[in-house]
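Step one of this worksheet: look at the structure below.
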2 protein chains.
Amino acid sequence: MTTPKYFSSIARFYRERKRLPSYREMLKLTGFRSTNAVYRLVERFRQADLLTKDAAGKLIPGKRFRELRILGTVEAGWPSPAEEELIDTIGLEDWLIHNREATYMLKVSGDSMIDAGIRPGDMLLVERGRTPKEGDVVIAEVDQQWTLKYFQKRGRQTILVAANKKYSPIIPQDELNIAAVVTAVIRKYHT
Amino acid sequence: MTTPKYFSSIARFYRERKRLPSYREMLKLTGFRSTNAVYRLVERFRQADLLTKDAAGKLIPGKRFRELRILGTVEAGWPSPAEEELIDTIGLEDWLIHNREATYMLKVSGDSMIDAGIRPGDMLLVERGRTPKEGDVVIAEVDQQWTLKYFQKRGRQTILVAANKKYSPIIPQDELNIAAVVTAVIRKYHT
DNA sequence: TAGTATAGTGAACATTTGTTCACTCGTCAA
DNA sequence: TTGACGAGTGAACAAATGTTCACTATACTA
């Protein structure tokens, strides 16, 4: 068993209610009848880094709570936990989203970036109000339409390039409106 | 302002400590000096669905707390909030991960699936112990090596196909070991 | 001007909270 | 058998919790 007994029910509680149960609530989760029993249970979870206490002494999820085990690379063989601690501790959400207020999600519909591995149906995390760097994938306004393109510079001119030979580069004549910079691509397989 | 005043500091508290602050802790966050002030502040947040109470009457994050605004498709123009409520309410983590115990993350190193939009450097969410369906992307053991391939059937034979013309299909002679089924691809741009 | 909401203060209260203490019961080793 | 030990019970307690009440100041309307 990878996680200690009784812990999964506490983790489920947190996942459903977005808060940790109190010690009396853990009584019902574990079946114990004394708060002292769950108190010492929690002590063990704290030593296993499944739970911790914050600065105020309140119980919060620990390092190993939101465990998302990272393994090595695909070709390299299965379990080589090199950079294991990387996402393990921060969790998917914090890893992908830095500025939540400015981050939006949208779905790709065209094939203009298919050679960059961005395919129709993929979801994009984009950040508004950020200044794009050379080579960034951006969402730009062209002829009152929004398109997905590479942001590139030719000399001191800014051009928009598709990752698909079918489309030719766009050289904006008047002003260029960058709506957002793509920060991540997420493809979910509906299996 | 999209979120009401004072709320962002509460959201930050939750993001950092993975729990909501108590009413006295909100005093320090907001600058108020009376718990009654923050109590009524929270009442307003509850009406805005930023916070809620669970069955036990405890304060927990509400529907609009982990707000990740979803917009329409890229080509279709900017703000057409069609399926807005979709991820909005569940959050990235719950959307992508169903069986946390069995889900692992690993990095792609080869180019064998490049025509499926899976490129070296991408991160994969994979689920172990699941039976693959026709057309799933799987991690299979071939010659004591783990590779990323399409899981396909030719007649009643199972074959492994790469999404790259450079590689020819693998027809496993003895037994075929499927280590995991890929459930999502995540590409993060380090901008 | 007087009157009335609105938003804040400060204090109070019953509950719930984490934590501790003394005790019981079975198990295993000496 | 005796003794030590680990794991659970049940009760207790101070501190922290959510909620309510009475009061004040400020802004706005009639």
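Here is how names work: the chains are called A, B, and so on, in the same order as the sequence lines, proteins then strands, and each is numbered from 1.
- Distance OG1/T131(B) to CZ/F151(B): 9.0 Å, rounded to 0.5 Å.
- The separation between R19(A) atom CZ and dT17(D) atom C1' is 13 Å, rounded to whole Å.
- The OH-C1' distance, from Y39(A) to dC13(D), rounds to 14 Å in whole Å.
- For the pair M105(A) and W95(B), the minimum side-chain heavy-atom distance is below 4.5 Å.
- With distances taken from any side-chain atom of S22(B) to the nucleotides dT9(D), dT17(D), dT19(D), the minimum falls on dT17(D).
- Taking atom CD of residue E43(A) and atom P of nucleotide dG6(D), one finds them 16 Å apart after rounding to whole Å.
- Counting distance only, with no hydrogens placed and no angle test, the side-chain atoms of R40(B) and the base atoms of dG8(C) include a donor-acceptor pair under 3.5 Å.
- Atom CE of M26(B) is separated from atom P of dT17(D) by 11 Å (rounded to the nearest Å).
- Closest contact between the side chain of S34(B) and the listed nucleotides dG10(D), dG8(C), dG10(C) involves dG10(C).
- In the set dG18(D), dA22(D), dT19(C), dT19(C) carries the atom at the smallest distance from any side-chain atom of K53(A).
- A 4.5 Å side-chain heavy-atom check between V108(A) and V185(A) finds every atom pair outside the cut-off.
- Listed nucleotides dT19(D), dT19(C), dG10(D) differ in distance to Y23(A); the shortest reach to its side chain belongs to dT19(C).
- In this structure, R24(A) places its CZ atom 13 Å from P of dA12(D), rounding to the nearest Å.
- The A37(B) side chain lies nearest to dT9(C) when the options are dG10(D), dT9(C), dG18(C).
- Between D54(A) atom CG and dT17(C) atom P the separation is 17 Å, expressed in whole Å.
- Taking atom NZ of residue K58(B) and atom P of nucleotide dT15(C), one finds them 13 Å apart after rounding to whole Å.
- Picking from dA11(C), dT17(D), dG8(C) the nucleotide with the shortest atom distance to the side chain of T35(B) gives dA11(C).
- Going from atom CG of L59(B) over to atom P of dT17(C) covers 14 Å, rounded to whole Å.
- By the 4.5 Å heavy-atom criterion applied to side chains, L96(B) and I186(B) are counted as neighbours.
- Residue pairs that meet the ring pair (Phe, Tyr, Trp, His ring centres under 6.0 Å) test with at least one member in residues 36-60 of chain B, sequence neighbours left out, are F7(B)-F45(B), Y23(B)-Y39(B).
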